[in-house]
Amino acid sequence: MLPGLAYFLVFHYGALLGNVIAFKAYVPFDGLWGSPWVGLGNFRRMFGDPAFWDAVLNTVWIASPCSSNSSVTPAC
């Protein structure tokens with residue numbers, strides 16, 4: 001039971017620590033804990049960038065089942 005618990009803690013909860021990087025101005029030389037905290041600043045910058053919304057629209061277009069450039073499903 002102990003190996004199963006260790007697996008669960010390392011690969012399920014330990015992996016969540018990597019999400020902290022999204023809220024930091026990550027600098028590889030400072031490491032994860034030495035980089036300054038920016039909170040939601042990275043997300044504000046991402047959602048404010050027009051290129052992000054172009055990428056979202058392109059992704060939706062490519063993933064839509066009625067897309068004429070889809071080779072898997074026929075056009076609607």
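These numbers were taken from a predicted model, which means no experiment stands behind them. No hydrogens, no waters, no symmetry mates; every other heavy atom, side chains included, goes into these values.
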Report yes if the side chains of [X] and [Y] come closer than 4.5 Å at any heavy-atom pair, otherwise no.
X	Y	answer
Phe23	Leu40	yes
Asn58	Trp61	no
Tyr26	Val20	no

### Message
Restricting to non-hydrogen atoms, name the atom on Asn42 and the atom on Lys24 that form the minimum distance, rounded to 0.1 Å.
### Response
ND2-O, 3.0 Å
### Query
Which atoms form the tightest heavy-atom contact between Ala25 and Ser35, and what is the distance?
O-CB, 3.5 Å
Under a 4.5 Å side-chain heavy-atom rule over Ile, Leu, Val, Met, Phe, Trp and Tyr, are [X] and [Y] clustered together?
X	Y	answer
Leu16	Leu9	yes
Trp33	Trp37	yes
Leu57	Ile62	no
Val27	Ile21	no

### Task
Determine the interplanar angle of the His12 and Tyr7 rings, folded into 0 to 90°, and report it as parallel if under 30°, tilted if 30 to 60°, perpendicular if over 60°.
perpendicular
